[in-house]
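Here the structure comes first, spelled out in structure tokens, and everything after it is commentary.
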Amino acid sequence: MTTSLSPEEERARKREAIGLDARRPTARNEVQRPPESGRKRNLGWWAVFLMLVVGAATAWMLYDATEPANSAAPADPAPHLILDDDFTRPHLDLGTGRVEGQWDSGFADGVYRIQIQQPGNLTWSTLGLVNVSTYRLETALTLDGDSAVEGNPALLGYGALLVRYNNERNFYLFSVDAQGSYQVQLQRQEIWQILQPWTASSALRGVGDDNRLVIEDDGSEIRFFANGELLYTVTDPRLPAGDVALGGGARSQGTVSARFDWVRVFALPAATLPPP
């Protein structure tokens, strides 16, 4: 008897005839979708793009951290002029007076003049800088002597600047004579100390010539200049801030006329100013 087999049964019979299972054991009942290759390519491109962005940002931050800032540092403030008197019409309240045969001081012909007739005298007048602790003071000093001292006009007479003047017993004294020498002294509680003995300096000019004197007090040091040259520095001031005075005096011999042509005072900024 001949039996007609369906195509599926015929395939099964042939598989069994050659030793295989009637159905493929590896066959899946679900349809397997093809991989979304296009979506995978898009994800790969974005990943590369993100890596490039992150790399560029990192490089910029490193560059920005190492590159010097483009903005300039602020400049030191310029010194501020707080006092200027050329004595043509004086507004400084400097002392005027006279003791017969000893000294006299006052304004005349556009200068402030101190004359010493008696050796050993020192006379001064304060400017009134009681509220200024750091400053630069500039002035022009001319010394004339007494020709009565034979062969030595202006012998031992001097002009002076008194600094950190607290009272008549406490101050620094910077002196310049007409022979081109200077001296630095400290009077503290009426005790005198010589910080720099009389010393010749080529920076100083002689009888009848102007000497531009400068005092700088920045709170930690006091510097004394003459005609642009630093002559002396007080590196550890022993007196507190105080007033400034113009002075004149004479040593054991001679007399002197000390003429101050003008005075200027600048408020000194925190940074030390360059030499004048």
Side-chain angles (χ1 to χ4, degrees), residues 85-88 90 92 94-127 136-163 171-185 192 194-216 223-232 244-264 275-276:
D85 198 339
D86 64 2
F87 303 142
T88 302
L92 272 174
L94 295 174
T96 59
R98 164 185 195 95
V99 175
E100 186 66 33
Q102 296 185 31
W103 61 268
D104 67 79
S105 63
F107 298 99
D109 303 322
V111 301
Y112 180 71
R113 184 176 61 195
I114 297 175
Q115 292 182 299
I116 304 297
Q117 291 92 25
Q118 184 178 47
N121 276 357
L122 169 64
T123 300
W124 65 82
S125 180
T126 59
L127 274 62
R136 171 193 279 173
L137 180 143
E138 304 176 355
T139 188
L141 169 67
T142 303
L143 295 173
D144 294 312
D146 186 348
S147 59
V149 181
E150 185 176 354
N152 289 288
L155 178 67
L156 303 181
Y158 58 89
L161 296 174
L162 288 73
V163 182
F171 55 83
Y172 286 92
L173 182 67
F174 296 86
S175 305
V176 173
D177 71 15
Q179 305 300 307
S181 297
Y182 69 95
Q183 180 180 246
V184 182
Q185 296 171 276
W192 284 97
I194 297 177
L195 304 180
Q196 178 72 33
W198 286 104
T199 304
S201 172
S202 59
L204 293 169
R205 299 164 187 158
V207 178
D209 290 331
D210 288 346
N211 284 288
R212 183 189 174 196
L213 305 181
V214 174
I215 292 288
E216 286 184 356
R223 294 175 289 277
F224 176 41
F225 298 86
N227 301 313
E229 183 174 321
L230 177 63
L231 297 184
Y232 191 83
V244 181
L246 309 180
R251 289 149 74 184
S252 60
Q253 301 180 55
T255 63
V256 70
S257 173
R259 295 185 284 113
F260 295 90
D261 293 344
W262 48 265
V263 171
R264 286 193 290 267

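When reading the values below, keep in mind they use all heavy atoms of this one structure, side chains included, and skip hydrogens, waters and symmetry mates.
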How close do [X] and [Y] get, heavy atom to heavy atom, and via which atoms?
X      : Y      : value
Ala258 : Leu141 : CB-CD1, 4.0 Å
Leu92  : Phe87  : CD1-CE2, 4.1 Å
Ser105 : Gly95  : OG-O, 3.3 Å

Mutual orientation of the aromatic rings belonging to Phe224 and Phe174 [parallel < 30°, tilted 30-60°, perpendicular > 60°]: tilted
So do [Y] and [X] actually touch side chain to side chain, heavy atoms under 4.5 Å?
X      : Y      : answer
Thr123 : Trp103 : yes
Tyr232 : Leu195 : yes
Pro119 : Arg251 : no
Asp144 : Val207 : yes
Ile215 : Val244 : no
Asp209 : Thr142 : no
Thr126 : Leu246 : no
Val176 : Leu204 : yes

If we ignore hydrogens and angles and just use 3.5 Å, is the side chain of [X] paired with the main-chain N or O of [Y] as donor and acceptor?
X      : Y      : value
Ser175 : Ala160 : no
Ser181 : Ser201 : no
Thr96  : Gly106 : no
Asn227 : Ala203 : yes

Going from [atom1] on [X] to [atom2] on [Y], what distance comes out if it is rounded to the nearest 0.5 angstrom?
X      : Y      : atom1 : atom2 : answer
Thr88  : Trp262 : OG1   : CH2   : 13.0 Å
Glu138 : Leu213 : CD    : CG    : 10.5 Å
Gln102 : Thr255 : CD    : OG1   : 13.5 Å

CA sep, side-chain torsions, deciding dist, call: Thr139, Asp261, side-chain contact (heavy atoms from CB on, under 4.5 Å): CA-CA 7 Å; Thr139 188; Asp261 293 344; over 6 Å; no
Ring centroid separation Phe260 to Trp124 under 6.0 Å: no
Residues Arg259 and Asp109 bridged, charged N to O under 4.0 Å: no
Distance-only donor-acceptor check, side chains Gln183 and Gln185, under 3.5 Å: yes
Under the ring pair (Phe, Tyr, Trp, His ring centres under 6.0 Å) test, residues paired with Tyr112 that sit two or more places apart: Phe107
Leu122 vs Tyr158, side-chain contact (heavy atoms from CB on, under 4.5 Å): CA-CA, chis, key distance, verdict: CA-CA 9 Å; Leu122 169 64; Tyr158 58 89; 3.8 Å; yes
Results of side-chain contact (heavy atoms from CB on, under 4.5 Å) for Gln117 - residues two or more places apart only: Asp104, Gln115
Salt bridge (charged side-chain N to carboxylate O under 4.0 Å, His left out) between Arg264 and Asp86, intermediate numbers included: CA-CA 8 Å; Arg264 286 193 290 267; Asp86 64 2; over 6 Å; no
